[in-house]
Amino acid sequence: MSTKLTKMLLAEVIVDVKSHETDRTFQYFIPEELQKRVVIGMRVLVPFGPRRVEGYVVSLTNNPETPLEKVKPILRVLDELPPLTPELIELSDWLCERYICTRAQAVQALLPGGMRFKSTLVIEASDVTPAILDAREKEVLSFLKNKGPQVKSQLLKDHPSWRGAIAKLLQKGAITERFMERTGVKEKQVAYVVLQMDRESLLQKLDHLQANAFKQKEVALWLLHQGGTVRLRDLLAATKAARSTIEALRQKGILDIEQREERRDPYHGRYIGEKEGKLPLTAAQERAYSAILSMLQTRQAHTVLLQGVTGSGKTEIYLQTIEACVQMGRQAIVLVPEIALTPQMVERFKKRFGEDVAVLHSRLSPGERYDEWRRIRQGEVSIAVGARSAVFAPFEKLGLLIIDEEHELSYKQEENPKYHAREVAYFRALYHGATVVLGSATPSMEVRYAAAKGRVTRILLPERVNRKPLPPVEIVDMRLELKQGNRSIFSRRLHEAIAEKLAHREQMILFLNRRGYSTFILCRACGYVARCPSCDVSLTYHYLNSIPILRCHYCGHSEEVAGRCPECGSQHIRNFGTGTQKVEEELLRLFPEARVIRMDVDTTATKGSHERLLRTFGAREADILLGTQMIAKGLDFPGVTLVGIITADTSLNVPDFRAAERTFQLLTQVAGRVGRHDAAGEVILQTYHPEHYAIQCAVTQDYERFFQKEIEIRHSLDHPPFWEMTVFTAAHESQKEAYRLARETERWMRRRFSEDPEVIVHETTAAPLARLHGKYRFHQVIKYKSYKKVKAELLAAYFHARAKAKKIDGVLSVDVNAQMVL
DNA sequence: AGCACGCCGACT
DNA sequence: GTCGGCGTGCTC
């Protein structure tokens, strides 16, 4: 029947196989019974070669481009509601084009982690035992009979010699194959106890129970009292009933047990009923609010830079514009750096919007994250607050995308797809006609420059809501301290200030952007420095449960500390440089009465420890909060009157062109932790480079001066934002091979662009992290004015070099619009 | 990416 | 001869 053929619909499916060879759509039949459920954006299970894989339907067609005998049917539909909206499918295409990754990788980035469906082939012995089996076949068969079903690919990996025997046993029917399917996270099912009769008939029935069935009566009456439906778990806890009691009641038809779907709520209904109203706006806030509102109303894509110092009330503007957005029937996404997504922050949104907010961050379990995501997808909420990946929240009527602390580097993903959340936000804003609000006290060079060029509307919030001036920042030249004989970590000025605050029972924050005890250990006799055997970095001295060890901050390698130099045997081996552990030790030595909380990756590794430490400090159960950059953001403690910056130079000495920008931002942020309330505050900044413009501008809190100075340097050095930068990284166990791989991309790009004034092809150089995880690394940097112009060649160079890398067991990666070059 | 197939050297 | 190592090619 020709009508059937012309009517036949095929699904174009992206398969979840992250290889460039399979990075296209494959066509599948849609079986009759699935016709209604296979829609665009649906996740499906499809046969793929000898395997079964997850796939994503990106379009439907009745134009078969594949010989029909090759086309296989879709096996299963994996969701009720298609997880991908048409917009997200377009976005996935854009992600691969923009960041050079596979479509499978792009789609995976859009979906909440952990929902992946896996299907593995397992083999097991059947009940057929053929008469004739050779020795090998007998061995395999008895293995399977003893050990039960086995994953086929794993079994072949462990026993490659069994391949032939397994094939023969399958032929003879002595073993069978089947696919074992493993769903990722699922809807949480909770057992409920439901009363099956009304009050009258229950009481009647209970009268007729055996006289000794006390417990059954008690349970039934309790259930009645609770309204007839209760979680099984709660019932068991409240009545202390045994499962057998419940079962007896069920047998009698008095109650029944039902599985009901339940949402995991990471905040357990906290903050409900604690609704908080709008705060009054200052004149500056009001201006910002109405400017954003009028952009929202145009339903055209706009970008706003909301630039205001800490305490200038950006969050309140976010909250009120979100409210206006939601009232328009549209939805809002708020991105916050992972590190700043503290309970304080979440509380503010939950209290204002209650149940209308979904929160997405890395500390949620996969199940919680999936449920929060589904609340968004099913339209149950209008607001999503989260870290970077929340930019993909599957809203269908987006009005507002807010990126707080816009300058943070964590908005760039380091793995494929190496997207920047700001760029994704622009894409989505264009699609929906939405407004992007970028908030920062210290905007990134890119965004501030875009504002200067008129591509972004800049709105200034010039002063703090409480009109408190920014705290005075005092600079201490540590070179002078040394000259005058003070070799301590603390300058005399900072020492005095700490003592004074302790005496007045005031709190303080001490900042040092380096964890561990000391930076490196050095033999003063021969110059030996302990280095990581697989990374080209020196090992950091740590105390782990008061035992000294050396640790690599990049790969986690650790080793014992030698009492003598392993090179020359000298005992003059000492540690140099200062980390948070050493500062803590010094503090306790100099101020034995001080209560110190240290916060860094080492003390906040366990779940909940972050919050616990902050709560302790907030409750004034400690005097000093000492920490790395994780204490620089978002924290607001009214009792803090001193911020001490132990060394302002750590981030300045990083070999990256953003070092000055990072330093300025970090110092400005840390300084902003003080004096936000009634008590006057002060900031003491210790440095060996008091004359550096990043430090000078941070001291005077002069963003504009910093921007002018830095933009000049960026211009003269051909750095972003004047040029966009893409970095190829080649890694190989052999230094020579790593270099040669990186040279491949250089040669490729040179051949095409050596004459082009709008493209700079840099020479291949050793990466600042020249060795990592046992592999040598080389960078090759391309700079260009327009991505469109180089896109095709970047891709070609990447494929070319990657093919070579694959042959020699090397790794070649590409980072489009790279933010960091390490 | 996986997985199967097929070609070749090294053994019983 | 057969085993098992790896290169090659395909997946709707």
Side-chain angles (χ1 to χ4, degrees), chain A residues 5 8-31 34-35 38 40 42-78 96 100-109 116-123 133-140 150-171 175 177-182 415-417 798-799 802-814:
Chain A
L5 261 179
M8 184 158 52
L9 216 50
L10 294 170
E12 299 273 2
V13 174
I14 295 172
V15 288
D16 182 28
V17 175
K18 52 173 183 299
S19 139
H20 288 283
E21 284 75 61
T22 49
D23 191 20
R24 57 185 180 88
T25 59
F26 290 84
Q27 294 188 315
Y28 288 90
F29 287 127
I30 306 169
L34 297 180
Q35 299 265 324
V38 175
I40 290 175
M42 191 58 94
R43 212 160 50 108
V44 291
L45 183 70
V46 291
F48 195 64
R51 308 181 278 163
R52 286 178 172 188
V53 298
E54 184 177 285
Y56 314 98
V57 178
V58 292
S59 62
L60 299 172
T61 175
N62 40 29
N63 173 27
E65 280 162 355
T66 319
L68 284 178
E69 68 276 9
K70 278 186 155 187
V71 180
K72 296 176 187 172
I74 287 175
L75 298 167
R76 208 132 107 55
V77 171
L78 298 176
C96 335
I100 310 188
C101 67
T102 64
R103 293 181 87 178
Q105 285 173 325
V107 170
Q108 276 304 322
R116 249 223 201 76
F117 188 95
K118 283 262 169 9
S119 183
T120 41
L121 197 57
V122 294
I123 54 174
L133 291 175
D134 67 22
R136 180 60 63 76
E137 288 166 31
K138 278 178 187 160
E139 185 192 353
V140 174
Q150 299 289 313
V151 173
K152 194 181 177 189
S153 57
Q154 190 57 49
L155 197 67
L156 285 170
K157 220 176 267 166
D158 296 344
H159 307 275
S161 60
W162 288 4
R163 171 159 251 122
I166 290 171
K168 286 220 183 77
L169 285 167
L170 274 168
Q171 239 172 44
I175 58 177
E177 284 182 321
R178 77 189 147 83
F179 283 98
M180 194 181 62
E181 295 178 343
R182 214 193 68 232
E415 298 84 47
N416 278 334
Y798 173 64
F799 278 162
R802 210 187 131 91
K804 297 228 164 183
K806 210 174 153 184
K807 282 203 188 87
I808 58 168
D809 204 23
V811 182
L812 193 104
S813 55
V814 60

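Lettering of chains follows the sequences in order, A, B, ..., and the numbering in each one begins at 1.
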- Each nucleotide of nucleotides 4-12 of chain B classed B (base within 4.0 Å of a protein heavy atom), S (only sugar-phosphate) or -, in 5' to 3' order, makes S--------
- Task: Pick base, sugar-phosphate or nothing for A/S153, based on heavy-atom distances below 4.0 Å to the nucleic acid.
- Result: sugar-phosphate
- Taking only residues at least two apart or on different chains, which pairs with a member in residues 51-77 of chain A satisfy ring-ring contact (aromatic ring centres under 6.0 Å, His included)? none
- Compare side-chain N and O positions of A/R51 against OP1 and OP2 of B/dC3 and report whether any pair is under 4.0 Å apart. no
Nucleotide N/O to protein N/O under 3.5 Å, stretch nucleotides 1-4 of chain C:
residue	atom	partner	partner atom	Å
C/dG4	OP2	A/S161	O	3.4

- Item | Beyond-backbone contact of A/I74 with A/P31, side-chain heavy atoms, under 4.5 angstrom | yes
- Query: Nearest-Å distance, CZ (A/F179) to C1' (B/dC3)?
  - Reply: 11 Å
- Across the strands shown, which category fits A/F48 at heavy-atom distances under 4.0 angstrom: base, sugar-phosphate, nothing? base
- Decide whether a cation-pi geometry holds between A/R52 and A/F48; the criteria are a distance under 6.0 Å from NZ or CZ to the six-membered ring centre and an angle within 45° of the ring axis. no
- Mind checking A/R52 for me? I need base, sugar-phosphate or nothing, with any heavy atom below 4.0 Å counting as a touch. nothing
- Message: Are the side chains of A/R182 and A/T120 in contact, using a 4.5 Å heavy-atom criterion?
- Response: no
- Rounded to the Å, how far apart are A/H20 NE2 and C/dT11 C1'? 17 Å
- Message: Test: side-chain hydrogen bond (donor to acceptor under 3.5 Å, both in side chains). Region: residues 157-171 of chain A. Which pairs qualify, not counting sequence neighbours?
- Response: A/Q154-A/D158
- Length of the line joining A/N416:CG and B/dA1:P, which is rounded to integer Å: 11 Å
- Looking across every strand, which nucleic acid part, if any, lies under 4.0 Å from A/P47 by heavy atom: base, sugar-phosphate, or nothing? sugar-phosphate
- Item | Sidechain-backbone polar pair: A/D16 side chain, A/A104 backbone, donor-acceptor under 3.5 Å | no
- Residue list, salt bridge (charged side-chain N to carboxylate O under 4.0 Å, His left out) with A/R136, at least two apart or on another chain: A/E139
- Query: Would A/E54 and A/R43 pass as an ion pair if we require N to O under 4.0 Å?
  - Reply: yes
- Would you kindly give the NZ-to-C1' distance between A/K806 and C/dG7, to the nearest whole Å? 12 Å
Identify each atom pair where a protein N or O and an N or O of nucleotides 8-10 of chain C are less than 3.5 Å apart, giving names and distance.
none

- Item | Gap between atoms CD and C1', on A/E54 and C/dT11 respectively (whole Å) | 17 Å
- Message: Using only atom types and a distance under 3.5 Å, with no angle test, would you say the side chain of A/Q150 pairs donor to acceptor with the backbone of A/L156?
- Response: no
- Message: Taking the side chain as everything from C-beta on, heavy atoms only, tell me whether A/V44 gets closer than 4.5 Å to A/L34.
- Response: no
- For A/I74 and C/dT11, give me the distance from atom CD1 to atom C1', rounded to whole Å. 16 Å
- Query: Heavy atoms under 4.0 Å, any strand shown: does A/V71 hit a base, just sugar-phosphate, or nothing?
  - Reply: sugar-phosphate
- Any donor-acceptor N/O pair, A/E181 side chain to A/F117 backbone, under 3.5 Å: no
